[in-house]
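A short worksheet on the structure shown next.
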2 protein chains.
Amino acid sequence: MTERGPYAKGVAKREEILAAALEHFARKGYDRASVREIAREAGLSQAGLLHHFSTKEELFLEVLRRRDDRDGDPEQHRHVHSVDHLIHAVEHNVDEPGLVRLFVSMSAESVDESSPTRSFFESRYDWLRGELRADIERRQKGGEISPDLDPDDVASLLVAAADGLQLQWLLQPDKVDMPNQLKVLWDLIRKNA
Amino acid sequence: MTERGPYAKGVAKREEILAAALEHFARKGYDRASVREIAREAGLSQAGLLHHFSTKEELFLEVLRRRDDRDGDPEQHRHVHSVDHLIHAVEHNVDEPGLVRLFVSMSAESVDESSPTRSFFESRYDWLRGELRADIERRQKGGEISPDLDPDDVASLLVAAADGLQLQWLLQPDKVDMPNQLKVLWDLIRKNA
DNA sequence: GTCTATATTTTGATAGAC
DNA sequence: GTCTATCAAAATATAGAC
């Protein structure tokens, strides 16, 4: 139940570092964020931080994994997803602009082929689209959604809308209502003959 | 008709620099792209480049303006836009992954409040949503689209979908058909009772 | 585990010759 | 208009003491 004595301190510090890193990466993006600054905010030196995470990239990837875990199972991040979960996540995101910024910045940077996060996002989108497609197919069998719609198209569209709304919302929070507009899309999908 | 003699060379070099800069900013993002590299690819020294564009930011903003001009009027970029234009632009983007990457990277970086491009993208989204909303309203009066839909919501959704699809397409070109999926959304909007 | 000190690299920008 | 040379300021990462 309790962590073994000698490691308790190290684990706590790790968490402190990750919290500071999340905030910094979210606010500045990967490049502009500096390990020094993160260390300072976590209350230790740069070298001290690099004892826990030996490179900036390693730290960054750990932060990314944590962000993902927020929405679900911390173990495998393979919990069942659905449109309801997506909408719920977007509603939750309104209260976490830092996380949204992290996600938007990092997904954009991942399009570079040499990006350390490219494969992370590729598999994330595979997983997300797959889960949504399964949910759509389920609802098509139940008669909630027209069988004329391609489940893959719908899944991509839902993910795209969520992503795109995040971007507009970050730039102009007053002009975009993310959850509401995603629901408008969802209504269009369900009401379609 | 022809440029004045003494300036012809300078203008040509400027274009060469801008072309190299576009590619670099698109591939690496603003931070990772270095003026040195861009200069080298344009066939001159860093100092030589900075004679034409005295700061990195100035160079960058000029590249951004050019990208925008591709889709329309090079003068004011205030040509009338519409859903048809949006779909057409997306179809065109399939052949220009470099431009798409530039746009995705830069719009994401612009969410940082200190970003030199923040205001650029804010006004760009204002303009784009405004044009689309006007188009939607026009079509609602013509009976093509249900009057029950909020034109602002629809405009935001269309822009969001286009942006989000770009991201997925850059990561996995084989798994996403941008123009087709945008048309699916457009059909949903029009067919909705 | 954490520190100080430092090596190394890279960056944006400037000065001044040609 | 373009160059070489250089500055000053970051950054990541490492070495070694404690």
Side-chain angles (χ1 to χ4, degrees), chain A residues 3-64 105-106 109 112 114-117, chain B residues 3-64 105-106 109 112 114-117:
Chain A
E3 19 217 356
R4 284 166 297 175
Y7 295 115
K9 189 181 170 192
V11 169
K13 201 42 145 180
R14 244 182 97 96
E15 294 303 318
E16 214 175 326
I17 292 168
L18 285 169
L22 168 61
E23 198 209 302
H24 265 77
F25 284 129
R27 214 174 62 234
K28 318 269 286 180
Y30 181 79
D31 293 306
R32 284 173 158 121
S34 91
V35 175
R36 254 187 187 78
E37 277 288 301
I38 294 167
R40 201 170 53 82
E41 191 159 313
L44 80 176
S45 72
Q46 188 219 15
L49 189 159
L50 290 178
H51 165 76
H52 296 273
F53 305 90
S54 52
T55 68
K56 182 185 187 182
E57 185 177 324
E58 187 185 318
L59 170 61
F60 174 57
L61 285 173
E62 187 57 30
V63 169
L64 264 194
S105 304
M106 299 313 134
E109 286 194 15
D112 186 81
S114 69
S115 169
T117 54
Chain B
E3 20 217 357
R4 285 166 296 175
Y7 295 114
K9 188 181 169 191
V11 170
K13 200 41 141 182
R14 245 181 96 96
E15 294 303 319
E16 215 175 325
I17 292 168
L18 285 170
L22 167 61
E23 199 209 301
H24 266 75
F25 284 129
R27 215 175 61 234
K28 319 268 287 179
Y30 181 79
D31 294 306
R32 281 172 159 120
S34 90
V35 175
R36 258 186 184 77
E37 278 286 301
I38 294 167
R40 200 171 53 82
E41 190 160 311
L44 78 174
S45 72
Q46 189 219 16
L49 189 158
L50 291 178
H51 166 75
H52 296 274
F53 305 89
S54 52
T55 68
K56 182 185 186 182
E57 186 177 323
E58 186 185 320
L59 170 61
F60 174 58
L61 286 172
E62 186 57 29
V63 169
L64 265 194
S105 304
M106 298 313 135
E109 286 195 15
D112 186 82
S114 69
S115 169
T117 55

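In the text below, chain A, chain B and the rest are named by the order of the sequence lines, each starting its count at 1.
- The listed nucleotides are C/dA13, D/dT4, C/dT2; the one nearest the side chain of B/Ala47 is D/dT4.
- A cation-pi arrangement, defined by a distance under 6.0 Å to the six-membered ring centre and an angle within 45 degrees of its axis, is absent between B/Lys56 and B/Phe25.
- Scanning both residues, B/His24 and B/Ala33, for their nearest heavy atoms gives O-CB, 4.0 Å.
- Counting non-hydrogen atoms under 4.0 angstrom, B/Ala42 reaches nothing in the nucleic acid.
- Distances from the side chain of A/Lys56 to the nucleotides D/dA13, C/dT2, C/dA13 place D/dA13 closest.
- When distances are taken from the side chain of A/Ser34 to each of D/dA15, D/dA11, D/dT4, the shortest belongs to D/dA11.
- The distance between atom CZ of A/Arg40 and atom P of D/dA11, rounded to the nearest whole Å, is 11 Å.
- B/Arg36 places its CZ atom 8 Å from the C1' atom of C/dG12, with the value rounded to the nearest Å.
- For A/Glu57 and D/dA11, the CD to P distance is 18 Å, given to the nearest whole Å.
- Comparing atom distances between the B/Leu50 side chain and each of D/dT2, C/dT14, C/dT2 picks out C/dT14 as nearest.
- Distances were taken from every side-chain heavy atom of B/His51 (C-beta onward) to each of D/dT2, C/dG1, C/dA13; the shortest belongs to D/dT2.
- The side chain of A/His52 sits closest to C/dG1 out of C/dT11, C/dG1, C/dA13.
- Between A/Arg32 atom CZ and C/dG12 atom C1' the separation is 14 Å, expressed in whole Å.
- We find the CG-CD1 distance between A/Leu44 and A/Ile38 to be 11.0 Å, quoted to the nearest 0.5 Å.
- Across all strands shown, B/Ala33 has heavy atoms under 4.0 Å from sugar-phosphate atoms exclusively, and none from any base.
- The distance from atom NE2 of B/His24 to atom P of C/dT10 is 14 Å, rounded to the nearest whole Å.
- In this structure, the CG atom of B/Leu44 is 5 Å from the P atom of D/dC3, given to the nearest Å.
- Between the B/Glu16 side chain and the B/Gly43 main chain, no donor and acceptor come within less than 3.5 Å of each other.
- The nearest whole Å value for the distance from the CG atom in B/Leu49 to the C1' atom in C/dT11 is 14 Å.
- Taking 4.0 angstrom as the limit, A/Ser45 places none of its side-chain polar atoms (N or O) nearer than this to OP1 or OP2 of C/dT2.
- With hydrogens and angles disregarded, no donor-acceptor distance shorter than 3.5 Å links the side chain of A/Lys28 to the backbone of B/Asp112.
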